[in-house]
Amino acid sequence: MNALPHRIVIYAKDIMNITGCSSRTARRKLAEIRKKFNKPKEAYISIEEFCAFTGLREERVAAFLT
């Protein structure tokens, strides 16, 4: 049986699980990341961009995404 591919996109719900913040705060954090990386409002945020912004290691973040 094939394993599911790893995700490369992070959502507000993921940020809520990782940081323990509210939904509104998680959406605000995504907006801040988009602004830092000069992305349009509709653009996805990758896990690498999230980790670069927060300083968290990708291995630690990936544990919350499974």
Looking at Ala26 and Met16, what are the two nearest heavy atoms and their distance?
CB-CG, 3.7 Å
Out of curiosity, Ile47 CD1 to Leu65 CG, how far, rounded to the nearest 0.5 Å?
4.5 Å
Looking at Phe37, I want to see if its CZ is surrounded by more than 12 non-hydrogen atoms of other residues, nucleotides or ligands under 6.0 Å.
yes
Tell me whether Arg34 contacts the main-chain N or O of Ile45 through its side chain, where contact means a donor paired with an acceptor under 3.5 Å.
no
In short, salt bridge (charged side-chain N to carboxylate O under 4.0 Å, His left out) pairs touching residues 11-29 with sequence neighbours left out are Arg7-Asp14, Lys29-Glu32
Should Ile10 and Phe64 be regarded as members of a common hydrophobic cluster, given that ILVMFWY residues are connected when their side-chain heavy atoms come within less than 4.5 Å of each other, either directly or indirectly?
yes
Are Tyr11 and Phe53 connected into the same hydrophobic cluster when the rule is that any two of I, L, V, M, F, W, Y join if their side-chain heavy atoms are below 4.5 Å apart?
no
What's the spacing between Cys21 SG and Ile15 CD1 if we round to 0.5 Å?
7.0 Å
Inter-residue atom distance Leu30.CG - Tyr44.OH, 0.5 Å rounding:
12.0 Å
Does any pair with a residue in residues 37-48 pass salt bridge (charged side-chain N to carboxylate O under 4.0 Å, His left out), and if so which ones, sequence neighbours excluded?
Lys39-Glu49
Hphob cluster co-occupancy, Phe50 + Ile8, side-chain heavy atoms under 4.5 angstrom:
no
